[in-house]
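Inspection log for the structure reproduced underneath, given as structure tokens.
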Amino acid sequence: MDLQEISNRSSIRVIEKIIDETPTVRTLVFSDDTLSNVLPGQFAMVWIPGVNELPMSVMVSEEKGKAAFTVRKRGVSSTALYDLQVGNQIGVRGPYGNSFRIKDGKILLVGGGTGLVPLLRLAKFAKPTNEVIILMGSKTKEEMFFEDMANKILAKNKHQVITCTEDGSYGKKGFVTDVMEALMQDTKFDGIYTCGPEIMMYKVVQMANSKNTFVEASLERMMKCGIGICGSCCMDESLVCHDGTVFDGQFLAKSQEFGHTHRTKSGILENY
Amino acid sequence: MDLQEISNRSSIRVIEKIIDETPTVRTLVFSDDTLSNVLPGQFAMVWIPGVNELPMSVMVSEEKGKAAFTVRKRGVSSTALYDLQVGNQIGVRGPYGNSFRIKDGKILLVGGGTGLVPLLRLAKFAKPTNEVIILMGSKTKEEMFFEDMANKILAKNKHQVITCTEDGSYGKKGFVTDVMEALMQDTKFDGIYTCGPEIMMYKVVQMANSKNTFVEASLERMMKCGIGICGSCCMDESLVCHDGTVFDGQFLAKSQEFGHTHRTKSGILENY
Amino acid sequence: MSPDLSTKIGTLRLERPTMLASGILGISLEVFSRIHKSGAGAVVTKSLSKEPWEGYPNPTIVGIKGGYLNAVGLSNPGAPYFAKMISPNKTIPIIVSLVGSIEEDFEFMVKQFENVHVMAYELNLSCPHVEKVGLEVGDDPNLVTKIVKKVKSMTKVPIISKVGLGTTNYLDTVKAAMDGGTDAITAINTIRAMGIDVETQRPLLSNKIGGLSGPAIKPVAVRCVYEISSKYDIPVIGCGGVSTWEDAVEFILAGASAVQIGSAIGDGWIDVFSEVNKGIANYMEQKGFSKIQEMVGLARNF
Amino acid sequence: MSPDLSTKIGTLRLERPTMLASGILGISLEVFSRIHKSGAGAVVTKSLSKEPWEGYPNPTIVGIKGGYLNAVGLSNPGAPYFAKMISPNKTIPIIVSLVGSIEEDFEFMVKQFENVHVMAYELNLSCPHVEKVGLEVGDDPNLVTKIVKKVKSMTKVPIISKVGLGTTNYLDTVKAAMDGGTDAITAINTIRAMGIDVETQRPLLSNKIGGLSGPAIKPVAVRCVYEISSKYDIPVIGCGGVSTWEDAVEFILAGASAVQIGSAIGDGWIDVFSEVNKGIANYMEQKGFSKIQEMVGLARNF
Ligand SMILES: Cc1cc2nc3c(=O)[nH]c(=O)nc-3n(C[C@H](O)[C@H](O)[C@H](O)COP(=O)(O)OP(=O)(O)OC[C@H]3O[C@@H](n4cnc5c(N)ncnc54)[C@H](O)[C@@H]3O)c2cc1C
Ligand SMILES: Cc1cc2nc3c(=O)[nH]c(=O)nc-3n(C[C@H](O)[C@H](O)[C@H](O)COP(=O)(O)OP(=O)(O)OC[C@H]3O[C@@H](n4cnc5c(N)ncnc54)[C@H](O)[C@@H]3O)c2cc1C
Ligand SMILES: Cc1cc2nc3c(=O)[nH]c(=O)nc-3n(C[C@H](O)[C@H](O)[C@H](O)COP(=O)(O)O)c2cc1C
Ligand SMILES: Cc1cc2nc3c(=O)[nH]c(=O)nc-3n(C[C@H](O)[C@H](O)[C@H](O)COP(=O)(O)O)c2cc1C
Ligand code: FES
Ligand code: FES
């Protein structure tokens with residue numbers, strides 16, 4: 001009998017700091033050596049005791065040995081996470097999933113809302129030679145966050161942070177995809193990376209594919225286990241938690257489901 | 001879920017060579033890296049499929065990567081082991097137990113029959129500076145074995161192999177303990193090591209203790225698990241499989257059971 | 001000549017003796033196809049109910065020493081949706097798992113598959129963490145006989161009854177299923193179990209109690225296969241903790257004609273099928289077996 | 001002030017909440033003394049029968065993934081011999097485990113201990129690998145009630161009934177033992193299981209079928225403790241797979257007033273008692289508990 005290590009079991013962490021990003025988005029910081037070092041695109045399963053366990057991208061933290069989640073309050077579970085106080089406990093397991101493959105040269109990051117979480121980690125992993133443009137979108141000025149963080153992370157790179165709001169209250173007016181289209185007129189990118197609402201990602205991938213530009217998107221699906229057992233995250237023949245969450249443009253172009261359908265908790269396909 | 005290694009489960013080995021030592025003693029050789037390197041005094045649990053599983057001291061083998069058992073045919077199980085053919089399978093698990101602590105200087109090894117097994121391994125572990133005397137006893141010439149082996153193992157040491165038989169048909173006449181008593185008249189040993197019938201060991205330990213000479217004996221008891229769970233090998237407050245099989249003279253002097261009693265399969269104390 | 005990995009479970013013939021266990025990854029045709037290609041001789045679907053079920057809130061699956069605890073709560077899209085989804089299938093050997101509490105549930109569900117290519121049905125009589133279906137059914141031998149009889153009367157494809165450790169003797173459940181005409185038995189489902197987190201002092205699963213799977217339960221599952229096949233003349237599919245070829249062979253020697261694999265996918269991914277198949281083939285070659293059948297139940301000779 | 005590790009199991013008071021499980025190392029007074037000194041709050045003897053039993057031939061104990069399989073076959077020197085052996089004892093908290101198939105067996109055995117200092121009796125109603133005693137008794141609720149009643153009528157010391165997973169609902173066995181007047185329940189014994197060696201194609205144990213112990217069964221044992229203490233008002237002792245203080249706390253949170261440790265001794269040796277005790281004490285300090293009782297069953301609040 002050997003007493004083995006246990007994998008895929010939550011470790012309890014204590015919330016040490018809470019940062020209000022917008023009126024509906026907060027970043028919860030906690031100590032975790034493993035999660036502080038995950039690759040861009042990787043996620044954790046986050047147990048909110050008594051409520052639920054949700055997949056969350058692991059957010060960059062400025063302090064060594066710390067990790068964070070940036071959560072938008074939406075339904076019951078994300079709101080419960082959002083409402084946690086300093087000193088409260090959460091359980092975390094992971095990291096899970098693959099990660100972005102960062103190309104040399106000029107790269108473009110296109111994100112919206114909490115989709116920026118894996119993109120900022122990607123920015124942190126950028127090579128010194130990378131020129132990085134981050135395109136961040138939100139509905140209004142109030143909902144824009146991470147602009148300063150992005151500039152800070154990319155301080156040593158040639159970079160640009162472009163913001164845009166749907167109502168024009170901050171940065172450029174319009175959708176990120178509009179701005180991206182304009183950008184792509186005169187710039188050739190070596191790699192494009194996106195995370196955010198699937199309809200947005202769908203357009204980003206289409207545009208990149210149409211220009212034969214390497215593109216990767218980090219997808220969200222209903223995730224119960226996070227480790228390729230339960231099947232709830234399946235998309236075509238892929239399990240997003242295990243084969244993804246990052247998929248490239250070639251693969252996504254062939255998908256029957258990407259941009260069109262996702263599954264409910266019972267596994268029924270539902271249109272976006 | 002981690003898929004852990006399994007300990008304390010038998011590995012199957014194939015008998016590769018059989019050496020007849022006497023009409024009732026055989027050495028069975030097989031390949032086993034782990035067992036080929038055990039410390040002197042350590043034993044294995046040997047599964048004879050369909051018959052039983054018995055504790056056996058691990059015998060020295062001259063070839064690298066090989067281990068052996070030297071078995072005397074006695075009851076049903078040891079006879080079944082003795083009767084195995086080349087190509088037959090046994091299961092082995094171990095090594096278990098502690099080992100002899102070899103002193104510097106002049107050491108004496110006192111053994112009889114298969115009790116010589118751990119003593120020969122001890123001889124193999126002797127330091128170049130050790131002067132070694134092995135005293136081996138048997139009833140008759142026919143039952144004497146391992147003399148050549150002992151000389152071979154100790155070729156590089158200053159050494160002496162003294163044989164004795166009860167009927168005087170080979171070597172000195174008498175019990176090993178008689179010869180030992182004579183030896184100790186004029187020689188001071190730095191360490192005495194013994195394995196064999198308990199009554200013999202009892203006398204060896206008494207003699208050594210009376211001269212304040214460091215002494216260790218490797219004991220036998222009923223052993224079912226070999227790993228300190230079942231309790232069948234208990235002697236006073238010790239578990240012979242776990243705390244032993246090697247005990248020193250000081251400890252044995254205090255024992256209520258050593259040399260007097262051992263336990264049956266049901267756990268009842270029985271006199272020797 | 002390399003050994004023949006095909007196996008027979010009564011009248012059911014599989015190309016390979018490893019199957020995907022029910023509830024694991026089994027909700028889309030594309031995934032079934034991938035798992036079949038990766039070496040599984042058949043795939044068993046999630047247990048389907050009459051209507052779609054969301055299952056329990058998370059946490060529903062947690063890793064523990066030696067395996068997993070799960071209380072997914074039989075989340076599934078429902079038999080009607082599922083039947084439609086797999087209806088294009090012609091080539092993948094799909095075994096449809098069904099769960100319900102009364103004969104009529106099963107009657108309704110089997111009807112959905114009337115014109116769908118289904119290799120066999122597996123009746124889940126042994127889910128340990130959902131009330132009124134699963135073990136509560138398996139613990140009622142009369143009900144088991146009735147359900148099996150009903151399904152049997154509606155279809156020509158083989159019926160497999162999946163048993164587990166409930167509160168009645170599972171051997172009685174096996175007997176009841178045989179009385180109803182079952183063609184084979186799958187043994188076992190997860191074992192009712194729980195874990196508690198000492199930091200938060202809360203049960204690990206939202207449902208508190210769930211089922212234990214993985215290597216931890218293998219010795220219990222092997223025992224059940226051995227007992228069933230020693231006592232009854234019925235083909236058995238072994239399930240519980242298979243993650244290596246040795247595990248698979250152990251089940252076959254105990255009396256199983258095939259094995260199902262679930263939890264091991266969480267560690268070794270679906271490559272586990274081809275690895276186990278290859279290991280079995282090597283073993284057969286080494287030991288001189290030419291067919292799986294020759295090995296089935298050999299440990300009972302001792 | 002460091003936390004108080006003493007615990008109460010009904011009227012039974014232990015200095016520390018860890019006990020030696022029955023069947024492990026338990027055949028001599030000297031060894032009991034050593035285990036007590038090393039931190040066990042009590043030691044349970046091997047299950048004793050009317051007469052000495054040799055047990056099964058070896059192999060009787062084998063290591064497997066996540067634990068051990070054993071079919072020792074209840075080898076023991078018999079109650080009369082044992083009673084004499086422990087009669088000098090005044091200081092070691094010894095709980096005598098008894099096994100038998102009818103009331104008279106137990107009556108005979110308890111008589112042997114009439115003038116011996118015994119802290120409590122544990123009735124083994126759950127050995128999974130010896131016929132006519134153990135589980136076959138536990139599976140017969142009427143017999144359980146009768147046996148407990150008989151023992152209860154003969155002695156003033158507490159009676160503990162040890163249950164396991166048999167072929168009837170173990171909760172019915174618990175109820176039957178309560179009807180007989182049991183003072184506490186130990187849950188659980190090993191789970192009926194087997195292993196087969198693929199090289200020789202033989203069962204690993206000479207008795208073929210044995211009992212599974214160690215970490216593999218912990219989630220099942222925790223579930224049973226939780227179910228018993230949720231359903232009935234009876235003190236419970238948790239047993240099965242405890243090897244760390246977290247395991248012990250998990251059992252306590254599930255509803256156990258103390259835990260027994262067996263298999264873990266095969267790995268960590270008897271130091272496991274002091275290590276687990278120390279871990280529990282640290283935990284209590286950190287969480288602000290001053291008594292074991294305050295933690296018992298806390299997981300049931302959720
Ligand atoms: C890989 C990945 C990374 C993510 N990273 C982030 C992040 O960094 N920040 C962030 O705010 N959100 C992230 N999400 C989304 C997040 O997991 C939730 O889906 C989202 O917060 C909505 O949850 P809710 O319960 O509030 O929503 P509701 O719409 O109220 O959902 C109702 C219920 O559905 C379930 N549910 C919903 N979505 C999921 C899901 N994806 N997986 C499992 N169960 C679900 C829960 O039971 C929930 O209570 C990520 C999702 C994925 C798949
Ligand atoms: C640490 C140790 C090392 C040993 N090394 C050797 C060695 O190198 N060579 C050698 O020939 N013998 C050795 N023995 C003795 C050996 O294990 C047997 O006890 C002996 O061979 C007699 O077995 P038997 O079955 O033939 O005897 P029997 O007297 O017929 O015994 C009857 C039955 O008792 C059981 N039994 C007897 N002794 C033991 C025991 N010690 N443990 C478990 N069960 C037992 C078996 O079930 C056996 O079938 C050693 C014993 C110990 C404890
Ligand atoms: C996440 C998960 C979900 C399961 N769902 C089902 C199910 O829907 N129907 C069923 O019969 N068994 C279900 N089971 C049980 C498995 O089919 C299998 O019997 C059990 O897990 C033992 O096999 P394993 O150790 O290989 O996982 C499920 C098991 C797991 C781990
Ligand atoms: C070798 C061995 C012998 C056992 N003998 C007995 C016994 O005689 N009586 C009994 O009630 N339980 C016996 N058991 C069961 C244990 O007391 C305990 O219930 C079980 O092993 C689970 O605990 P663990 O996982 O800590 O070992 C035995 C267990 C083992 C491993
Ligand atoms: S979340 Fe379970 S398979 Fe992906
Ligand atoms: S042989 Fe089992 S304790 Fe020593």
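All values derive from a computational prediction rather than experimental measurement.
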So, are Asp236(A) and Lys254(A) salt-bridged, with charged N and O less than 4.0 Å apart? no

Is Lys132(C) salt-bridged to Asp105(C), cutoff N-O under 4.0 Å? no

Kindly say whether [Y] contributes a backbone atom to a donor-acceptor pair with the side chain of [X] at under 3.5 angstrom?
| X | Y | result |
| --- | --- | --- |
| Arg13(A) | Phe30(A) | no |
| Glu216(A) | Arg101(A) | yes |
| Ser78(A) | Arg74(A) | yes |
| Arg93(A) | Ser7(A) | no |
| Asn189(C) | Ile191(C) | no |

Portion of Asn88(A) that has a non-hydrogen atom of chain C nearer than 4.5 angstrom: neither

Chain C contact via Thr264(A) - side chain, backbone, both or neither, heavy atoms under 4.5 Å: neither

Cys230(A) side chain reached by Ile61(C) side chain, heavy atoms, under 4.5 Å: yes

Given side chains that start at C-beta, do those of Phe32(C) and Asn89(C) come closer than 4.5 Å, heavy atoms only? no

Between [options], who has the most heavy-atom pairs with chain A when the cutoff is under 4.5 Å?
| options | answer |
| --- | --- |
| Leu69(C), Asp197(C), Val72(C) | Asp197(C) |
| Met85(C), Arg202(C), Glu199(C) | Arg202(C) |
| Gly55(C), Pro57(C), Ser28(C) | Ser28(C) |
| Val62(C), Asn70(C), Ile27(C) | Ile27(C) |

Within a reach of under 6.0 Å around CD of Glu131(C), are more than 12 heavy atoms found that belong to other residues, nucleotides or ligands? no

Neighbour count >12 (heavy atoms, 6.0 Å) for atom NZ, Lys208(C): no

Heavy-atom distance under 4.5 Å to chain A: side chain of Ser206(C), backbone, both or neither? neither

For chain C, which residues of residues 34-48 of chain A have heavy atoms nearer than 4.5 angstrom: Met45(A), Trp47(A)

Residue by residue, which of residues 218-229 of chain A have a heavy atom closer than 4.5 Å to a heavy atom belonging to chain C? Met223(A), Lys224(A), Cys225(A), Ile227(A), Gly228(A), Ile229(A)

Given the options Thr261(A), Leu269(A), Leu252(A), Met235(A) meets side-chain contact (heavy atoms from CB on, under 4.5 Å) only with Leu252(A)

Checking ring pair (Phe, Tyr, Trp, His ring centres under 6.0 Å) for the pair His260(A)/Tyr202(A): CA distance, chi angles, key distance, verdict? CA-CA 9 Å; His260(A) 303 293; Tyr202(A) 185 72; 5.3 Å; yes

